[in-house]
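Convention: sequence-line order gives letters A, B, ...; per-chain numbering from 1.
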2 protein chains.
Amino acid sequence: MDLINRISSEQNQFSKSERKVAALILHEPEQAIHRSIASLAALAEVSEPTVNRFCRRLGCKGYPDFKLQLAQSLAQGTPFVNRDIEEDDNVDQITQKIFDSTLNALSIARQSLDSRPIAATVEALVGARKIAFFGFGASASVAHDAQNKFARFDTPSVFSDDPLVQRMWAINSEPHDVLVCISHTGRTKALCEIAAIAHDNKATVIGITAPNSPLSENCQLTVSTNVPEDTDQYMPMASRIAQLVLIDAIIAGYTLQRGPKFREKLARVKEGLKGSRYSKQATTK
Amino acid sequence: MDLINRISSEQNQFSKSERKVAALILHEPEQAIHRSIASLAALAEVSEPTVNRFCRRLGCKGYPDFKLQLAQSLAQGTPFVNRDIEEDDNVDQITQKIFDSTLNALSIARQSLDSRPIAATVEALVGARKIAFFGFGASASVAHDAQNKFARFDTPSVFSDDPLVQRMWAINSEPHDVLVCISHTGRTKALCEIAAIAHDNKATVIGITAPNSPLSENCQLTVSTNVPEDTDQYMPMASRIAQLVLIDAIIAGYTLQRGPKFREKLARVKEGLKGSRYSKQATTK
DNA sequence: CTTGTTTTTGTAACTTTACTACATTTAGAC
DNA sequence: GTCTAAATGTAGTAAAGTTACAAAAACAAG
């Protein structure tokens with residue numbers, strides 16, 4: 001991964017002073033490469049060794065090496081740079097930055113994907129008798145989306161963000177039932193409980209969540225998206241986008257695995273949806 | 001023209017010693033950027049000021065600046081490719097292709113965004129008394145997600161994918177109420193009806209949908225994502241991702257517009273959510 | 001082929017820049 | 001509150017780059 005994106009993605013690993021340096025560099029990277037360590041330190045209101053340590057933490061040999069790598073990372077004509085939103089940004093800038101950081105996060109997620117659990121998930125879903133997608137908060141809409149896709153298929157599927165409904169489903173689950181639990185952190189208590197119940201019933205519990213999290217402990221399979229820390233400090237953004245794309249990939253795999261006859265069915269479903277829409281010609285004004 | 005090409009093309013303008021330096025750099029440019037001026041001079045069997053003069057002749061401020069420019073001239077990017085999924089692709093290939101095509105679609109969407117309706121949407125939302133997010137099918141989960149974000153805010157908001165609930169809300173809507181209608185095609189009959197009702201009641205109807213569609217006719221504001229044809233022929237994929245990111249941008253704009261005090265509130269909401277999660281064990285800060 | 005002039009190159013002092021060792025402060029754990 | 005560990009800063013040192021100037025080389029004219 002290139003340096004400038006690493007700076008923004010590893011921001012949480014930095015100390016307070018180092019974060020000041022990171023913010024400054026992300027704000028005006030073109031300017032930073034022409035500064036000396038002393039002037040950069042002064043501007044960031046930290047000491048010179050702090051800047052030096054910051055460079056080392058990023059794997060550079062020292063400050064000059066850091067500048068070199070930063071310059072390369074800038075020259076790369078990076079299609080998208082991951083920079084923080086500033087207080088005085090206008091709407092256009094904000095929009096571009098949000099798109100950029102999402103693109104960046106997705107690109108990183110793509111590179112760090114492990115296809116084995118994805119393949120195993122596809123297998124499990126193809127063999128499933130019924131499928132449930134559960135999640136809370138932002139992950140609820142991800143689960144909602146996943147179920148919406150599976151509604152096109154012939155395997156019964158449900159979505160719920162209601163703990164009681166989820167619990168009932170988990171209690172009634174059996175082997176060959178699949179439960180897909182979605183949670184970015186993997187630490188949502190309620191969801192862990194549900195997963196544990198389904199697991200006890202020998203259902204296949206799949207977690208789209210963080211590895212080594214309490215939730216993943218209760219999952220037979222864990223699929224993770226290695227997304228850098230979200231841009232926005234208040235709510236999940238890029239992480240859930242990565243989850244959605246991951247689910248798209250799983251669905252694409254599922255569709256292919258089911259074979260050509262299955263895809264014929266899908267075409268019929270699509271055709272059937274037309275009745276709910278205005279046709280193209282009639283309404284064009 | 002970039003530096004390294006200039007060095008080779010202007011060789012005849014250099015003096016004898018300078019040519020030695022040029023030859024060395026053209027031979028192994030990657031190595032040169034990691035050398036000090038002294039070591040480079042020794043290697044080229046010239047003096048240090050000669051190297052310095054050489055840099056100046058190329059329009060650089062000095063040797064460090066020269067290294068920086070050389071580094072940039074060496075760097076190059078790697079774009080992602082948009083390829084269709086083949087019948088015999090394995091899961092890994094499918095996953096990569098889905099991610100690639102989503103990245104591609106997002107990147108195109110970013111470039112073709114018009115910030116004016118986005119800014120107007122932010123304005124409308126900031127001034128809203130209550131907000132509704134409606135959509136059907138795949139767009140329902142997008143609406144769901146949007147409402148989930150707004151649940152953190154102090155303006156009352158609802159999500160629904162139930163036509164009756166939507167109709168009731170629309171009938172009761174008033175000026176300063178905002179209705180956000182989400183539909184990729186903009187041709188979903190049920191949603192158009194709802195939009196028309198709310199529009200008649202002088203509510204602000206915002207469409208996240210296709211321009212010049214039946215739905216956009218009933219909207220005061222239309223925000224569009226110009227997404228290329230979806231990869232998958234059976235269900236929306238990239239289009240709804242673009243919608244979600246667009247909504248993220250709107251929310252980021254909204255959050256900023258509301259000012260610092262508002263963001264303090266958000267921090268408190270986030271803090272309050274911790275109770276629903278298992279705490280992190282002592283790993284890294 | 002000299003001698004004066006210009007250009008090129010190198011030497012050495014100087015300035016700036018970056019790094020290291022250590023002291024101080026701050027934050028966290030008990 | 002006290003102890004411990006981490007983070008940050010201070011000051012000194014080493015290294016790198018630049019400048020001024022002198023020596024050498026190249027060139028031209030007598």
Over how many whole Å does the gap from [X] atom [atom1] to [N] atom [atom2] extend?
{"X": "A/Asn52", "N": "C/dT17", "atom1": "CG", "atom2": "C1'", "answer": "11 Å"}
{"X": "B/Asp65", "N": "C/dT16", "atom1": "CG", "atom2": "P", "answer": "18 Å"}
{"X": "A/Arg53", "N": "C/dC19", "atom1": "CZ", "atom2": "P", "answer": "12 Å"}
{"X": "A/Glu48", "N": "D/dG12", "atom1": "CD", "atom2": "C1'", "answer": "12 Å"}
{"X": "A/Phe54", "N": "D/dT8", "atom1": "CZ", "atom2": "P", "answer": "12 Å"}
{"X": "B/Phe14", "N": "C/dT7", "atom1": "CZ", "atom2": "C1'", "answer": "17 Å"}
{"X": "A/Arg57", "N": "D/dA7", "atom1": "CZ", "atom2": "C1'", "answer": "9 Å"}
{"X": "A/Leu68", "N": "D/dA16", "atom1": "CG", "atom2": "P", "answer": "14 Å"}

Would you tell me if any nitrogen or oxygen in the side chain of [X] comes within less than 4.0 Å of OP1 or OP2 on [N]?
{"X": "A/Lys20", "N": "D/dT8", "answer": "no"}
{"X": "A/Arg56", "N": "C/dT20", "answer": "yes"}
{"X": "A/Lys61", "N": "C/dC19", "answer": "no"}
{"X": "A/Thr50", "N": "D/dG9", "answer": "yes"}

Legend entry - Aromatic ring proximity, centroids under 6.0 angstrom, A/Phe54 and A/Phe66: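 Yes; A/Phe54 has its ring centre under 6.0 Å from that of A/Phe66.
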Got a list of side-chain donor-acceptor pairs under 3.5 Å for residues 191-199 of chain A, not counting sequence neighbours?
{"from": "A/Glu193", "atom 1": "OE1", "to": "A/Arg167", "atom 2": "NH2", "distance (Å)": "2.6"}
{"from": "A/His199", "atom 1": "ND1", "to": "A/Asn218", "atom 2": "O", "distance (Å)": "3.4"}

Legend entry - Minimum-distance nucleotide (side-chain atoms of A/Ser17 versus C/dC19, D/dA16, D/dT8): D/dT8
Inset, instruction - When you get a sec, tell me which of D/dA26, C/dT11, C/dA18 is the closest nucleotide to the side chain of A/Pro64? - result: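 Selected nucleotide: C/dA18.
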Legend entry - Check: A/Asp65 and B/His34 side chains under 4.5 Å, non-hydrogen atoms: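 Counting from C-beta outward, B/His34 and A/Asp65 do come under 4.5 Å.
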Inset, instruction - Could you tell me which non-hydrogen atom of B/Ala32 sits nearest to which non-hydrogen atom of B/Leu40, and how far apart they are? - result: CB-CD1, 4.4 Å
Inset, instruction - Kindly indicate, with the supporting measurements, whether the criterion salt bridge (Lys or Arg N to Asp or Glu O under 4.0 Å) is fulfilled by B/Arg258 and B/Asp154. - result: CA-CA 11 Å; B/Arg258 289 288 303 269; B/Asp154 47 8; 3.1 Å; yes
